[in-house]
Amino acid sequence: APRNPITDVLPSPDDGDGLGLDQVSPVITEENYEQKQQPLKIVWQNVFIQLGIHLAALYGLIRIPWSHPLTWLWTIFYYVFTAVGITAGAHRLWSHRSYTFLKTFTVSCLVMNSAALQNDILEWTRDHRVHHKYSETDADPHNARRGFFFSHIGWLLVRKHPDVARKGKQLDLSDLYADKVVMMQRRYYRLSIVIMCFLVPTAVPYYFWGESFQNAFFISSILRYVLTLNATWLVNSAAHMWGNRPYDKNINPAQNRGVAFSAVGEGFHNYHHTFPHDYGTSEFGWHLNVTTAFIDFFAMLGQVSDRRKISHDTVERRRARTGDGS
Ligand code: ST9
Ligand code: ZN
Ligand code: ZN
């Protein structure tokens with residue numbers, strides 16, 4: 001079986017169903033994890049950048065009625081394009097290794113990932129693996145116990161809790177350091193985001209249907225970027241708070257259909273934290289899950305193999321044992 005980058009490093013307790021380590025982290029509660037809050041160290045540069053791009057996005061929103069309908073279509077297309085770079089790329093491929101790939105597919109994931117501008121793949125993946133292993137503790141970069149604002153955007157505006165790096169350094173990231181595609185992106189990250197997150201989305205409407213520079217930049221680049229950021233952050237905030245918990249009622253991550261829709265398939269978060277190496281991050285195939293359709297499409301073209309899927313039986317047994325009955 002392919003290795004699981006999270007559980008193979010530090011063993012998690014077998015949860016007793018005789019099926020091996022299907023749960024990544026032990027459920028961490030107040031009793032077995034001591035919270036050690038630190039005073040906040042605000043990073044003002046990030047505060048100003050986020051304020052700036054959110055205001056600019058608002059301006060883009062106001063400009064929509066005065067822009068070309070093709071610009072709207074392009075913006076929606078580019079939203080999905082960059083979102084999939086995060087979901088199929090950074091998340092399901094590089095963080096969880098839930099499927100395997102061929103080179104062309106990886107390179108397209110990389111390009112889409114740079115377009116999303118959510119830190120390079122190495123940094124994103126490192127934070128995400130530590131998020132799964134130490135969910136809702138100080139070692140979780142966006143610990144949802146610190147409230148909606150912190151888990152949504154606040155965590156990007158302050159220095160990390162020292163536990164994040166401390167625990168993160170115990171993870172095995174050798175697969176990423178050995179991954180030429182990941183390391184190449186890290187080397188040319190700045191250049192790649194300038195081109196893919198700002199230049200390309202602005203240039204296409206401007207050159208191909210004569211959109212004004214202003215509209216192209218504020219709508220297709222900035223507004224679209226800010227929307228994808230917030231859709232992503234909702235997985236950490238909303239989907240760690242609101243929704244039902246049919247697979248494991250003892251953890252915060254929940255099934256949230258609104259989030260699944262805006263995050264192109266990543267809102268079935270109770271399922272995902274219970275079965276993190278399922279490539280579909282949900283029981284329901286393509287339902288509200290563009291990402292799974294995307295991976296399946298590339299599988300059809302022979303670019304993807306070894307899609308890891310949890311069997312229906314395993315899911316049912318787990319649901320009966322730890323679900324909330326919904
Ligand atoms: C963004 C990312 O938005 C969003 C990710 C969300 C994840 C969601 C997951 C949900 C599931 C998937 C759903 C996808 C849905 C997609 C839908 C799309 C529509 N392990 O970080 P530094 C060490 S990014 C091990 O600077 P500070 C390491 O040595 C937005 N070690 O910490 C590191 O040095 P180096 C754009 C770790 O100084 C050193 O510590 N980007 C780990 O406390 C320093 O690390 C921004 O806005 C670890 N986990 O600063 C940038 N972490 O890197 C924001 C750290 O050299 N970031 N170390 O190895 C920053 O400015 C800073 O990181 C900071 C903290 C101020 C937040
Ligand atoms: Zn989560
Ligand atoms: Zn995950």
Side-chain angles (χ1 to χ4, degrees), residues 5-6 24-25 38 40-47 49-50 53 79-98 112-113 115-136 139-144 151-171 173 176-177 186 189 193 197 224-241 251-254 256 259-278 281 290-291:
I6 300 163
V24 164
S25 57
Q38 299 277 113
L40 286 184
K41 291 187 210 107
I42 298 174
V43 179
W44 288 105
Q45 180 182 305
N46 290 10
V47 175
I49 291 175
Q50 288 301 337
I53 62 171
Y79 177 103
V80 176
F81 177 81
T82 61
V84 168
I86 295 296
T87 57
H91 190 220
R92 302 186 194 184
L93 177 59
W94 282 295
S95 295
H96 294 293
R97 300 286 183 194
S98 64
M112 297 190 298
N113 182 271
L117 209 183
Q118 289 194 9
N119 298 334
D120 62 41
I121 296 164
L122 187 103
E123 189 171 339
W124 201 104
T125 302
R126 192 169 68 177
D127 278 346
H128 192 65
R129 288 185 186 176
V130 88
H131 163 68
H132 270 273
K133 187 145 181 73
Y134 300 101
S135 284
E136 338 287 12
D140 177 350
H142 29 83
N143 178 6
S151 57
H152 193 73
I153 182 175
W155 66 283
L156 291 164
L157 310 178
V158 295
R159 295 272 166 229
K160 285 173 175 163
H161 192 288
D163 280 8
V164 175
R166 200 175 299 141
K167 299 286 186 188
K169 289 197 195 307
Q170 297 171 14
L171 301 177
L173 304 170
L176 300 168
Y177 286 102
R186 195 161 164 83
Y189 192 58
I193 60 177
C197 183
R224 182 265 322 157
Y225 173 48
V226 167
L227 288 176
T228 53
L229 281 183
N230 281 279
T232 307
W233 299 338
L234 281 171
V235 179
N236 298 333
S237 53
H240 267 256
M241 292 174 189
I251 59 176
N252 281 355
N256 189 309
V259 175
F261 175 75
S262 58
V264 297
E266 303 281 19
F268 305 102
H269 215 47
N270 190 254
Y271 185 89
H272 178 55
H273 273 263
T274 311
F275 305 110
H277 36 277
D278 185 308
T281 71
V290 175
T291 309

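Remember, predicted model here, so these are calculated numbers, not experimental data. Both counts, for ligands and for their atoms, begin at 1 and track the order of listing. Atom set for the values below is all heavy atoms of this structure, side chains included, hydrogens, waters and symmetry mates excluded.
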Can you tell me how far apart [atom1] ([X]) and [atom2] ([Y]) are? Round to the nearest 0.5 Å.
X    : Y    : atom1 : atom2 : result
L176 : L122 : CG    : CG    : 5.5 Å
W94  : T125 : CH2   : OG1   : 8.0 Å
H273 : S135 : NE2   : OG    : 4.5 Å
N143 : W155 : CG    : CH2   : 12.0 Å
K160 : K41  : NZ    : NZ    : 13.0 Å

Criterion side-chain contact (heavy atoms from CB on, under 4.5 Å) on N252 and M241, from CA distance to verdict: CA-CA 6 Å; N252 281 355; M241 292 174 189; over 6 Å; no
Under 4.0 angstrom from [atom], is there any protein heavy atom?
atom                    : value
atom 67 (C) of ligand 1 : yes
atom 32 (O) of ligand 1 : yes
atom 44 (C) of ligand 1 : no
atom 23 (C) of ligand 1 : yes

Note the single closest protein heavy atom to [atom], along with its residue, its atom name and the distance in Å.
atom                    : answer
atom 6 (C) of ligand 1  : N236 ND2, 3.5 Å
atom 34 (O) of ligand 1 : R126 NH2, 4.2 Å
atom 19 (C) of ligand 1 : A83 CB, 3.5 Å
atom 61 (O) of ligand 1 : N46 ND2, 2.8 Å
atom 50 (O) of ligand 1 : R159 NH1, 3.5 Å
atom 17 (C) of ligand 1 : T232 OG1, 3.4 Å
atom 58 (N) of ligand 1 : A165 CB, 3.7 Å
atom 47 (O) of ligand 1 : Q50 NE2, 4.1 Å

What are the atoms of ligand 1, with element, lying closer than 4.0 Å to any heavy atom of [X]?
X    : result
I86  : 14 (C), 16 (C)
V235 : 10 (C), 11 (C), 13 (C)
W155 : 4 (C), 5 (C), 67 (C)
A263 : 17 (C)
T228 : 19 (C)
H91  : 11 (C), 12 (C)

Location of contacts on [X] toward ligand 1, heavy atoms closer than 4.0 Å:
X    : value
P141 : neither
L229 : side chain
Q118 : both
H128 : side chain

Under 3.5 Å: donor-acceptor pair, side chain of Y79, backbone of T228: no
Polar side-chain atom of R129 near backbone of S95 as donor-acceptor pair, under 3.5 Å: yes
Give the ring-plane orientation class for [X] versus [Y], where under 30° counts as parallel, over 60° as perpendicular and anything between as tilted.
X    : Y    : answer
H131 : H142 : tilted
F275 : Y271 : tilted
H272 : H128 : parallel

Working for side-chain contact (heavy atoms from CB on, under 4.5 Å), residues I86 and N113: CA-CA 6 Å; I86 295 296; N113 182 271; 3.7 Å; yes
Can you name the nearest heavy-atom pair linking [X] to [Y], along with the distance?
X    : Y    : answer
A116 : Y225 : O-CE1, 3.2 Å
T281 : G265 : OG1-O, 3.3 Å
N236 : A144 : O-CB, 4.1 Å
K167 : A139 : CG-CB, 3.5 Å
A239 : G267 : CB-O, 4.5 Å
A231 : S262 : CB-O, 3.6 Å

Residues R224, T82; criterion side-chain contact (heavy atoms from CB on, under 4.5 Å); working and verdict: CA-CA 9 Å; R224 182 265 322 157; T82 61; 3.7 Å; yes
Of the listed options ([options]), which comes nearest to [atom] when hydrogens are ignored and any heavy atom counts?
atom                    : options               : value
atom 54 (C) of ligand 1 : L156, L171, D163      : L156
atom 25 (C) of ligand 1 : P276, G265, G168      : G168
atom 56 (O) of ligand 1 : R186, H273, R92, Q170 : R186
atom 30 (C) of ligand 1 : I42, T87, L117        : L117
atom 55 (C) of ligand 1 : H240, H152, K160      : K160

Does [X] come within less than 4.0 angstrom of ligand 1, counting non-hydrogen atoms of the residue?
X    : result
V158 : yes
S262 : yes
V130 : yes

F261 atom CZ: more than 12 heavy-atom contacts under 6.0 Å: no
Exercise: do H152 and N230 side chains pair donor with acceptor under 3.5 Å: yes
Donor-acceptor pair between E266 and T87 side chains, under 3.5 angstrom: no
Y134 and V164, any side-chain heavy atoms less than 4.5 Å apart: no
Residue and atom names of protein N/O/S atoms that fall under 2.8 Å from the Zn ion (ligand 2): H131 NE2, H240 NE2, H269 NE2, H273 NE2
N/O separation below 3.5 Å, W233 to ligand 1: yes
Any N or O of N119 closer than 3.5 Å to N or O of ligand 1: yes
Considering only N, O or S atoms of H128, the one closest to the Zn ion (ligand 3): NE2
Apex the Zn ion (ligand 3); atoms H91 NE2 and H96 NE2; angle rounded to 10 degrees: 100°
